[in-house]
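As structure tokens, the structure follows; a few thoughts come after it.
Within every chain, numbering begins at 1; the chains are lettered A, B, ... in the order of the sequence lines, protein sequences first and strands thereafter.
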Amino acid sequence: MTKDSAGEQDTLLDVPATPVRRRAARGAAAIAAAAPVARVTLDLAPAHLDRIFDYLVPESMDAAAQPGVRVKVRFGSQDVDGYVLARADTTSHDGTLQRIRRVVSDERVLTPEVAVLARAVADRWSGTMADVLRLAVPPRHARAELAGAGAAVDDPDPGAAPVRTPDPDAVSAQDRVARHWELYRGGAALLQRISAGGDPRAVWTALPGRTVAIPEVEDWAAGLAALARTAASAGRGVIVVLPDKRDVDHLARALDATGWSCCTARTPGDYVRLEADAGPSPRYRSFLSALHADVRVVIGTRAAAYAPVAGLGLVVCWEDGDDSLAEPRAPYAAARDVLALRSELEGAAFVVGSHGRTVSAQALLASGWAREVSAARDVVRSSAPRVRALTSTELASEGAGAAARLPTAAWRTARQALVDGPVLVQVPRAGYIPVVACSRCRASAQCPRCHGPLGLAGQRSTPQCSWCGHLAAGWRCDECGNDALRSVRVGSGRTAEELGRAFPGVPVRQSGASAPGGVLSRVEARPALVVATPGAEPVVDGGYAAALLLDAAVSTASVRLTAAERAVGRWVGAASLVRPASDGGVVLLVGDAAPAPTNALVRWDPAGLADRELAERVELSLPPAVRIASVSGDREAVSAVVSRVALAREHADFVVLGPVEIEHDERRTTDRTLARPVRTVLRVPVGEGGRLAKELAASLAVRSARREGGSVRVRLDPEEML
DNA sequence: GCACACGAGGAT
DNA sequence: TCCTCGTGTGCC
């Protein structure tokens with residue numbers, strides 16, 4: 001480009017001519033002839049910088065600097081990463097525009113749909129787009145990119161989904177899994193509407209189901225496979241988000257059973273797995289497969305909610321009550337809620353499925369946003385195992401045995417079931433004996449140094465503080481001076497040991513994050529005791545002969561608002577792996593749990609419980625009947641952020657609760673001499689949730705622009721408080 | 001997170 | 001009057 005044409009370029013831009021002309025006069029490299037301005041979103045933490053910045057596109061980068069690519073730009077004195085959102089002819093910025101320094105790669109990793117989604121998620125949860133994009137777009141892996149480029153050269157028509165001729169066996173398999181949905185009221189209609197290109201929204205309560213020998217998978221995964229195939233054969237993109245790798249494995253097997261195959265680095269396929277824990281290279285490679293529309297179906301863990309799927313027609317969230325689907329990173333948007341938002345933005349169908357029912361899912365039904373898809377009572381009864389609650393009243397006749405952790409009745413049931421197959425034992429705590437108390441007065445044993453709870457790591461070990469790690473040798477009770485300890489919560493490690501003694505000759509397997517062998521995906525269909533923590537129950541072909549759900553009281557004793565729904569969720573999750581009653585399947589809930597969740601399990605009615613819990617929340621003005629935000633951190637900083645929320649002064653139904661002192665975040669500081677942080681809760685009617693989020697975000701932007709001190713964390717719908 | 005602008009206060 | 005230091009804010 002000549003000097004003159006560069007000068008003309010300046011007049012195309014709505015910028016004062018002088019600074020740019022000076023650059024041109026110095027003979028700096030030319031800028032792009034068409035659309036020389038790139039609108040860029042930057043990877044910067046401060047809230048007030050969460051906006052679009054304009055940069056000039058050097059001519060050499062004209063072709064590469066397409067919307068969606070990663071770029072490096074100068075921002076003040078630092079080099080920062082960003083994404084090009086769009087190209088434009090003009091800018092509204094009245095200073096000198098900097099040039100893009102580098103286009104990191106040609107891959108347009110941020111699709112327009114995901115950019116819109118990221119903006120919407122940031123707005124909805126008072127966060128920044130940069131935070132959301134860190135969750136949505138995996139880190140670049142250059143070698144994975146090269147491998148992908150090679151494949152694209154081989155492909156005569158890159159960018160188009162490969163058209164695969166369905167083989168007849170696969171089609172009949174598809175028919176079979178489609179029949180799965182006839183078991184559910186509203187199931188056939190749901191498939192029909194997805195197939196017709198509609199955007200139905202459903203809360204699906206999956207029937208308890210055993211996993212029959214592959215390829216005839218007939219449990220929940222068969223249902224998900226049928227949904228995915230239905231949408232895909234209508235030419236629509238699909239995302240299925242599941243709690244963990246085991247669940248993704250299980251769905252993958254069900255999809256394979258319908259004749260599909262997984263797309264990997266070496267082989268093309270029909271769907272791709274997107275998992276953060278697969279490692280940087282496979283993760284980025286799978287991401288590129290979805291991006292290039294090699295496949296239209298993505299299954300994966302929570303970050304898959306942001307997958308770049310073209311022509312998205314169906315989003316599914318499986319087991320939305322699972323903790324893994326809550327996002328631990330700012331702005332803390334849970335997978336279910338991200339998918340719900342995305343389904344609205346992209347006109348896709350939405351399905352949240354579970355064996356249980358969260359109160360949040362119930363709220364989607366109550367508001368009329370989604371429809372219920374569930375089986376009739378007699379179908380549920382014929383699929384479910386027999387459930388009995390062994391409470392102390394039930395066991396009154398047993399005398400001394402009633403108070404035992406494993407009452408005689410439970411022992412007898414397990415003994416009988418072990419003749420037929422494996423028996424699942426669910427224990428709500430991992431480890432050995434996590435917490436100990438004084439054996440005489442039962443006061444909980446505290447660390448003499450920091451007053452944290454003491455625990456035992458092994459049978460003969462010294463009690464150790466679970467906060468500061470102090471070994472409390474020679475411990476004495478603060479209350480009564482006694483020196484003997486007893487366990488108050490017994491973990492799965494101790495249970496496995498106890499059971500080994502109670503059932504000599506029977507193999508004992510353990511499954512859980514802290515179990516010696518980790519989490520087991522499946523176990524053999526032969527007699528064994530399988531001790532698992534909630535969510536880590538291995539599946540077994542043909543189902544368990546029985547399940548013992550131990551320490552039921554521990555599951556419902558929590559002060560958390562969600563204790564009941566979570567307990568029932570854990571229990572039905574485990575009980576769903578047991579054979580139906582007609583095949584002798586039996587589930588025993590052992591311990592005195594709260595009556596409502598106990599009855600919900602015995603009657604196999606998680607929806608009923610969720611409905612009553614929701615009614616209670618409406619009564620008490622608690623989420624999800626209202627929207628709340630928690631603002632926590634240093635007292636002054638919290639007060640400043642809250643003071644700028646104008647909604648508080650205008651709205652009669654706006655309630656400010658607190659500030660109250662809270663515990664230090666153990667991950668951030670162990671220094672307990674610092675002033676205690678506080679939390680203020682803001683509560684508004686659901687209809688004002690959007691404004692609340694917006695005003696909080698604006699207040700955080702003011703805070704960061706003014707460089708107010710201290711630290712503050714804002715969370716909307718804070719799960720940890722519920 | 002760095003650089004620069006601007007205002008206050010002090011030395012010349 | 002000019003210089004320096006400190007605080008505040010822009011960064012495209």
Side-chain angles (χ1 to χ4, degrees), chain A residues 6-26 28-62 64-104 108 110 112 115 118-119 122 127-134 330 633-634 636-637 639-641 643-644 668 697-713:
Chain A
E8 273 170 33
Q9 197 59 64
D10 291 342
T11 62
L12 280 177
L13 306 175
D14 283 346
V15 296
T18 346
V20 180
R21 213 174 262 151
R22 215 186 303 130
R23 277 179 173 281
R26 273 199 274 113
I31 58 168
V37 175
R39 306 227 192 277
V40 178
T41 179
L42 300 175
D43 185 19
L44 293 166
H48 68 289
L49 300 180
D50 182 20
R51 51 201 186 82
I52 292 167
F53 292 89
D54 289 347
Y55 285 83
L56 288 175
V57 179
E59 194 174 40
S60 60
M61 300 179 197
D62 185 26
Q66 294 300 314
V69 300
R70 287 181 210 267
V71 288
K72 282 233 183 278
V73 297
R74 196 87 189 147
F75 185 77
S77 60
Q78 48 182 339
D79 272 343
V80 300
D81 293 308
Y83 297 91
V84 174
L85 292 175
R87 293 280 294 269
D89 290 317
T90 59
T91 178
S92 51
H93 181 61
D94 46 3
T96 314
L97 294 189
Q98 293 285 323
R99 288 148 186 267
I100 292 175
R101 289 181 67 118
R102 194 158 75 85
V103 174
V104 175
R108 298 167 68 170
L110 180 60
R119 184 69 265 161
T128 64
M129 184 144 168
D131 278 343
V132 182
L133 290 177
R134 274 193 289 271
D634 299 313
E636 276 190 24
S639 145
V641 169
S643 71
R644 286 185 292 263
R668 291 188 182 203
S699 178
L700 288 173
V702 170
R703 170 182 157 73
S704 70
R706 289 188 190 160
R707 271 137 250 222
E708 291 173 354
S711 74
V712 176
R713 188 165 79 163

Roughly how many Å is it from CG in L56(A) to P in dC12(C), rounded to a whole number?
-> 11 Å
Could R70(A) and D43(A) be called an ion pair, given the rule that one side-chain N must be under 4.0 Å from one carboxylate O?
-> no
With the sugar-phosphate defined as primed atoms, P, OP1 and OP2, and the base as all remaining atoms, what B/S/- string results for nucleotides 1-8 of chain B, 5' to 3', for protein heavy atoms under 4.0 Å?
-> BBS-----
Roughly, in whole Å, what's the span from CZ in R74(A) to C1' in dG10(C)?
-> 15 Å
Quick one: L97(A) CG to dC11(C) P, roughly how many Å, whole number?
-> 11 Å
In whole angstrom, give the distance that lies between atom CD1 of I31(A) and atom C1' of dC12(C).
-> 14 Å
Check the distance between dC11(C)'s P and R101(A)'s CZ and give it to me in whole angstrom.
-> 18 Å
Let me know the distance between CZ of R51(A) and C1' of dC11(C), rounded to the nearest Å.
-> 8 Å
Roughly, in whole Å, what's the span from CZ in R706(A) to P in dG10(C)?
-> 12 Å
Result for side chain to side chain contact (heavy atoms under 4.5 Å, CB included) between V80(A) and one of V71(A), V40(A), L42(A) points to L42(A)
Please test R99(A) against I31(A) for side chain to side chain contact (heavy atoms under 4.5 Å, CB included), starting from the C-alpha separation and ending with a verdict.
-> CA-CA 8 Å; R99(A) 288 148 186 267; I31(A) 58 168; 3.7 Å; yes
Taken in chain and number order and not counting sequence neighbours, the residues that satisfy side-chain hydrogen bond (donor to acceptor under 3.5 Å, both in side chains) with R108(A) are none
Whole angstrom is fine here: how far is it from NE2 in H93(A) over to C1' in dC12(C)?
-> 4 Å
If you look only at pairs with a residue in residues 29-51 of chain A, which of them pass as a ring-ring contact (aromatic ring centres under 6.0 Å, His included), with sequence neighbours excluded?
-> none
Report the C-alpha separation of E708(A) and D634(A) in whole Å, then their side-chain angles, then the decisive distance to 0.1 Å, and conclude whether the side chain to side chain contact (heavy atoms under 4.5 Å, CB included) test is met.
-> CA-CA 11 Å; E708(A) 291 173 354; D634(A) 299 313; over 6 Å; no
